[in-house]
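All heavy atoms count here, side chains included; hydrogens, waters and symmetry mates do not.
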Amino acid sequence: MAGALTARFDLPADPRAAGRARRLVAELLAAWRRPETVEVAQLLVSEVVTNAVRFVGARGALCLSLTLQTDRIRIAVDDGTTQHPALKPAGEDDESGRGMHLVAALALQWGVVDILDDQGPGKQVWFDLPRQPDPPRQEDSLEAACGS
């Protein structure tokens with residue numbers, strides 16, 4: 001597969017956005033023949049989208065993007081706030097505060113990029129997951145099996 005494949009989805013910044021993002025990620029990764037990354041991608045996108053909804057509120061929409069690169073899959077969420085997520089210690093009884101720790105532990109890398117566009121200031125939170133080697137094409141498998 002030459003080059004990168006990219007998909008973008010606009011999501012409302014409401015409590016259902018994380019569920020929508022999980023479904024979109026699962027469907028797109030299946031279409032890109034990347035089922036090995038679905039569960040981790042769904043978990044991490046849920047955490048990032050939930051944070052965005054929590055801090056953006058009703059102030060705007062979110063943009064979810066996925067890019068299939070040669071060696072990785074990048075998943076990013078743009079929102080309309082400049083408040084960056086942080087890795088903060090969570091207390092034993094805290095009900096929140098662990099999401100970005102999951103992202104940091106399970107992603108190859110993650111980061112935040114400030115953005116300024118015609119909608120105003122905002123940010124993009126992104127994370128990368130490893131891309132497994134492409135499965136063999138069926139005709140390659142058939143030729144190997146038949147000895148051609």
Handout entry: Full working for side-chain contact (heavy atoms from CB on, under 4.5 Å) between L68 and L66
Key = CA-CA 7 Å; L68 180 64; L66 288 86; over 6 Å; no
Practice task
Could you walk me through whether R8 and D78 pass the side-chain contact (heavy atoms from CB on, under 4.5 Å) test, one step at a time?
Solution key: CA-CA 10 Å; R8 294 176 59 87; D78 298 11; 4.2 Å; yes
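For the side chain to side chain contact (heavy atoms under 4.5 Å, CB included) test, residues two or more places apart in sequence or in another chain that qualify with L106 are V40, L43, L44. For V38, the side chain to side chain contact (heavy atoms under 4.5 Å, CB included) partners at least two apart in sequence or on another chain are A26, L29, Q42.
With rounding to the nearest 0.5 Å, the separation of CD in Q69 from OG1 in T6 is 7.5 Å. For the atom pair OG1 of T67 and CD1 of I73, the computed distance is 10.0 Å after rounding to the nearest 0.5 Å. The distance from the CE atom of M100 to the NE2 atom of H84 is 11.0 Å, given to the nearest 0.5 Å.
Considering all non-hydrogen atoms of both residues, L116 and P121 come closest at CD1-N, 3.6 Å. Closest heavy-atom contact between V53 and P15: CG1-N, 4.2 Å. Taking each heavy atom of P12 and A17 in turn, the nearest pair found is O-CB, 3.3 Å.
Contact check for R20 versus D14: side-chain heavy atoms found under the 4.5 Å cut-off. Side-chain contact between V77 and L11 is absent, with no heavy-atom pair separated by less than 4.5 Å. With contacts defined as side-chain heavy-atom distances shorter than 4.5 Å, the pair T37/W32 does not qualify.
Note on I115 and F9: separate hydrophobic clusters, where clusters join Ile, Leu, Val, Met, Phe, Trp and Tyr whose side-chain heavy atoms are under 4.5 Å apart, directly or indirectly. Hydrophobic clustering, with ILVMFWY side chains joined whenever heavy atoms are under 4.5 angstrom apart, keeps W126 apart from L102. In this structure, F127 is a member of the same hydrophobic cluster as L5, with clusters built from ILVMFWY side-chain heavy atoms closer than 4.5 Å. In this structure, V56 is a member of the same hydrophobic cluster as I75, with clusters built from ILVMFWY side-chain heavy atoms closer than 4.5 Å. A continuous path of ILVMFWY side-chain contacts below 4.5 Å connects V112 to L87, so both sit in one hydrophobic cluster.
For residues 60-75, the salt bridge (Lys or Arg N to Asp or Glu O under 4.0 Å) pairs, not counting sequence neighbours, are R72-D128, R74-D128.
Counting heavy atoms of neighbouring residues, nucleotides and ligands inside a 6.0 Å radius, atom CD of E39 does not exceed 12 of them.
The only option from T81, D114, T82, D79 that meets the side chain to side chain donor-acceptor pair (under 3.5 Å) definition with K123 turns out to be D79.
Side-chain atoms of R34 come within 3.5 Å of backbone N or O of Q132 as a donor-acceptor pair.
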